[in-house]
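Notes follow once the structure below has been shown.
The sequence lines fix the lettering, A, B, ..., with proteins before strands; numbering per chain opens at 1. From a predicted model like this one, the values you see are computed outputs, not experimental measurements.
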There are 2 protein chains.
Amino acid sequence: MKRERLEEVAEILDKRGKMTLEQLEEAFPDVSQMTLRRDLSQLEEDGRIIRIRGGAMSVKEVQKVSGEAYTKKTTINMDAKIVIAQKAATLIDEGTSIFIDGGTTAMYLSKEMPDIKCNIFTNGIAVAMELAQKKNVEITVVGGQLMKDNLSTSSPAAKEYFDNTNFEIAIVSALAFTPEHGFSCNSQTESDLLKQVFKKARHVYMMLDSSKIGKINPYTFAHLEDIDVLITDDVFPREYKALFEQNDIVVM
Amino acid sequence: MKRERLEEVAEILDKRGKMTLEQLEEAFPDVSQMTLRRDLSQLEEDGRIIRIRGGAMSVKEVQKVSGEAYTKKTTINMDAKIVIAQKAATLIDEGTSIFIDGGTTAMYLSKEMPDIKCNIFTNGIAVAMELAQKKNVEITVVGGQLMKDNLSTSSPAAKEYFDNTNFEIAIVSALAFTPEHGFSCNSQTESDLLKQVFKKARHVYMMLDSSKIGKINPYTFAHLEDIDVLITDDVFPREYKALFEQNDIVVM
DNA sequence: ATCTCCTTTGTTTAAAATTAACATTTGCAG
DNA sequence: CTGCAAATGTTAATTTTAAACAAAGGAGAT
């Protein structure tokens with residue numbers, strides 16, 4: 001009972017890097033806060049985690065935080081993104097061929113993903129590194145120039161790149177969405193890449209947390225008719241939900 | 001005033017590993033607790049320390065504390081590799097176009113590299129992530145299937161990939177070398193990739209620590225005549241050094 | 001110099017998190 | 001079943017933190 005929970009706590013912390021006590025309580029609804037505190041104490045003694053004010057973080061995360069110039073971006077609407085990523089993770093079936101983009105939501109998705117046999121294509125190198133830990137996942141990285149802000153690559157040669165490639169699903173996210181401008185991002189070449197991906201993908205899943213709504217970015221890469229499923233959080237406005245459903249999009 | 005104090009706080013924390021706020025107050029008697037708190041906040045944002053309840057600790061300390069629990073790999077001949085990487089780093093000039101492979105030595109190289117304006121092409125995603133921290137370095141990642149053991153990509157499409165690309169220098173390392181079999185690695189596609197790179201590179205630098213000598217791996221990608229400079233450690237056997245020099249290779 | 005604006009620092013106070021202490025439950029050997 | 005010990009829950013006290021505001025410097029402009 002205790003032993004297992006300790007393992008689970010350590011695992012989830014390894015996955016998410018950093019969690020508040022509140023988040024831990026949500027993850028373990030049937031034990032008290034005090035118990036979780038005691039668990040953290042013990043894990044700390046074992047050197048598996050570091051306890052920080054408000055919660056705890058994994059050792060890996062410490063190294064990451066100190067290693068990179070810590071981008072604040074990772075924490076904007078993080079909870080919503082994790083929920084969305086978890087949902088998306090359940091949609092991945094064994095043996096499928098999938099494209100995943102290089103955004104932060106995709107990063108969470110790759111952490112939450114089950115370790116099943118499948119082929120993943122991605123343009124995010126952080127995503128690729130994360131997935132490399134999964135034994136059964138075949139990974140292919142899309143080459144190209146690296147954008148340092150989001151660690152994703154894109155290349156004008158994307159077209160040829162995907163000539164002989166097909167995806168069952170493409171799971172992507174956008175930086176912005178409005179009904180008029182569709183889904184947009186901030187890089188021309190990334191936009192081109194995604195358009196190319198959509199052509200070769202049987203289904204397109206869009207992960208969109210509600211903070212993106214009403215915003216506009218310079219490059220539109222998809223409109224409502226291009227996507228099949230929308231995965232979002234629970235504060236997603238009702239009128240938008242209706243709008244998506246009118247366009248035959250499944251909203252989760 | 002503030003700047004210096006921040007430095008001092010970071011230093012003393014690095015030294016002592018872990019301090020409570022009380023201890024910090026003793027160390028800095030002429031500022032208020034709140035100021036120290038604010039300093040810690042800032043250092044935390046910069047990724048230099050980790051704030052814990054009651055005080056703070058240095059990143060080093062975290063690693064030490066957790067060191068026992070976490071297995072450290074990539075230590076095979078690490079010292080030699082670092083020395084080689086440092087040497088190689090000095091050979092990179094501003095404004096050049098360079099290919100770097102995805103091996104562990106290349107990883108150290110990317111850490112040691114100066115942050116100068118240049119174009120780096122690599123097939124190592126760990127290398128790419130490391131380089132992403134350098135503001136002035138333009139990075140292009142070679143796409144392809146990801147090999148999980150060394151986090152490098154390679155693709156049969158390498159040929160087309162490099163059609164319009166040229167390198168001033170290619171800095172690569174091999175997994176094995178013998179005079180008869182040349183430089184070899186353990187992946188067919190990576191071998192192809194490197195051969196392609198050599199065609200487009202003006203100079204080829206080989207980083208080879210002495211542990212690689214006398215070993216054979218399945219795929220030879222270069223012979224003595226293909227390389228221009230050899231960067232190695234100081235226990236490199238004399239007879240091999242002579243051999244290289246006979247082939248007009250500069251040995252460092 | 002004097003003034004203004006902005007940053008830094010200090011102080012007080014409210015909020016939050018943590019621990020301690022004690023009560024309750026659970027599992028299990030005898 | 002009984003009693004003990006480990007695990008967990010609950011509450012209250014303690015400690016730590018952050019927020020808000022006030023004061024003190026510091027740099028540049030006039």
Side-chain angles (χ1 to χ4, degrees), chain A residues 1-59 61-62 65-66 69-80 82, chain B residues 1-59 61-62 65-66 69:
Chain A
M1 194 138 263
K2 191 186 175 189
R3 186 112 250 131
E4 303 157 39
R5 196 188 49 240
L6 272 167
E7 273 318 304
E8 282 179 58
V9 171
E11 255 175 55
I12 195 170
L13 268 164
D14 248 12
K15 253 195 218 161
R16 305 234 189 132
K18 191 166 157 185
M19 287 177 86
T20 66
L21 226 86
E22 218 174 332
Q23 290 173 315
L24 277 169
E25 278 184 77
E26 279 171 34
F28 298 87
D30 30 337
V31 288
S32 74
Q33 202 194 49
M34 195 63 225
T35 300
L36 289 170
R37 283 183 187 288
R38 285 192 263 245
D39 286 355
L40 293 180
S41 281
Q42 208 161 330
L43 288 171
E44 184 179 41
E45 279 198 9
D46 298 346
R48 301 186 58 173
I49 63 161
I50 302 294
R51 231 134 68 96
I52 55 177
R53 178 175 163 95
M57 74 198 290
S58 71
V59 172
E61 183 71 9
V62 174
V65 166
S66 62
Y70 193 42
T71 50
K72 270 254 167 61
K73 210 173 179 182
T74 0
T75 42
I76 298 173
N77 228 8
M78 182 172 122
D79 291 342
I82 288 177
Chain B
M1 194 140 266
K2 190 187 175 190
R3 183 123 250 127
E4 304 155 39
R5 196 189 49 240
L6 270 165
E7 276 315 308
E8 283 180 57
V9 172
E11 258 175 53
I12 195 171
L13 267 165
D14 246 12
K15 250 192 232 159
R16 303 221 198 147
K18 193 167 162 185
M19 287 177 85
T20 66
L21 227 87
E22 217 176 334
Q23 290 173 311
L24 277 168
E25 277 184 79
E26 280 172 33
F28 297 87
D30 31 335
V31 288
S32 73
Q33 199 193 50
M34 195 62 225
T35 301
L36 289 170
R37 282 184 188 288
R38 288 193 263 243
D39 287 354
L40 293 180
S41 280
Q42 208 163 329
L43 289 171
E44 183 179 41
E45 277 201 10
D46 298 344
R48 300 186 57 174
I49 62 162
I50 301 294
R51 232 136 68 96
I52 54 178
R53 181 178 161 90
M57 75 198 291
S58 71
V59 172
E61 181 71 10
V62 175
V65 166
S66 65

Review point. For Leu40(B), which of Leu6(B), Ile50(B), Ile49(B) qualifies under side chain to side chain contact (heavy atoms under 4.5 Å, CB included)?
Key: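 Of Leu6(B), Ile50(B), Ile49(B), side chain to side chain contact (heavy atoms under 4.5 Å, CB included) with Leu40(B) is met by Ile49(B) alone.
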Exercise for review: Going by the side chain to side chain contact (heavy atoms under 4.5 Å, CB included) test, name the single residue among Glu26(A), Arg53(A), Arg37(A) that passes it with Leu21(A).
Suggested key: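 Going through the options one by one, the only one that passes is Arg37(A).
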Provide, to the nearest angstrom, the distance between the [atom1] atom belonging to [X] and the [atom2] atom belonging to [N].
{"X": "Leu6(B)", "N": "dT7(C)", "atom1": "CG", "atom2": "P", "answer": "16 Å"}
{"X": "Arg51(A)", "N": "dT15(D)", "atom1": "CZ", "atom2": "C1'", "answer": "14 Å"}
{"X": "Glu4(A)", "N": "dA6(D)", "atom1": "CD", "atom2": "C1'", "answer": "16 Å"}
{"X": "Leu36(A)", "N": "dA7(D)", "atom1": "CG", "atom2": "P", "answer": "15 Å"}
{"X": "Asp39(B)", "N": "dT8(C)", "atom1": "CG", "atom2": "P", "answer": "10 Å"}
{"X": "Met34(B)", "N": "dT8(C)", "atom1": "CE", "atom2": "C1'", "answer": "12 Å"}

Review point. Can you find a pair of side-chain heavy atoms, one from Phe28(B) and one from Thr35(B), that are under 4.5 Å apart?
Key: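 No, their side chains stay 4.5 Å or more apart.
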**Study point:** OP1 or OP2 of dA7(D) under 4.0 Å from side-chain N/O of Arg37(A)
**Key:**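 Arg37(A) to dA7(D) OP1/OP2: no side-chain N or O under 4.0 Å.
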Review point. Quick one: is dG10(C) close enough that its OP1 or OP2 comes under 4.0 Å of any side-chain N or O from Ser32(B)?
Key: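 Checking Ser32(B) against dG10(C): at least one side-chain N or O falls below 4.0 Å of OP1 or OP2.
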Review point. Does Arg48(B) come within less than 4.0 Å of Glu11(B), counting only side-chain N to carboxylate O?
Key: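 No.
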**Study point:** Nearest-nucleotide pick for Arg53(A), side chain only, options being dT17(D), dT9(C), dT8(D)
**Key:**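 The answer is dT17(D).
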Point to revise | Within 6.0 angstrom of Gln23(B) CD, more than 12 heavy atoms from elsewhere | key: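 Yes, CD of Gln23(B) has more than 12 neighbouring heavy atoms, counting only those of other groups under 6.0 Å.
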Exercise for review: Could you give me the CA-CA distance, side-chain angles and deciding distance for Arg51(A) and Ile52(B), then say whether side chain to side chain contact (heavy atoms under 4.5 Å, CB included) is met?
Suggested key: CA-CA 6 Å; Arg51(A) 231 134 68 96; Ile52(B) 54 178; over 6 Å; no
Review point. Quick one: does Gln42(A)'s side chain have a donor or acceptor within less than 3.5 Å of a partner on Asp39(A)'s backbone?
Key: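 Between the backbone of Asp39(A) and the side chain of Gln42(A) there is no qualifying donor-acceptor contact (under 3.5 Å).
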Point to revise | Residue whose closest nucleotide on DNA chain C lies nearer the 5' end, Arg38(A) versus Gln33(A) | key: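 In this pair, the answer is Gln33(A).
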Check your understanding: Where along residues 20-31 of chain B does a heavy atom come under 4.0 Å from DNA chain C, residue by residue in number order?
Key ->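 Heavy-atom contacts with DNA chain C come from Asp30(B), Val31(B).
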Check your understanding: If you look at every strand shown and take non-hydrogen atoms under 4.0 Å, does Ile52(B) touch a base, only sugar-phosphate, or nothing?
Key ->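 Counting heavy atoms under 4.0 Å across all strands, the contact made by Ile52(B) is with sugar-phosphate only.
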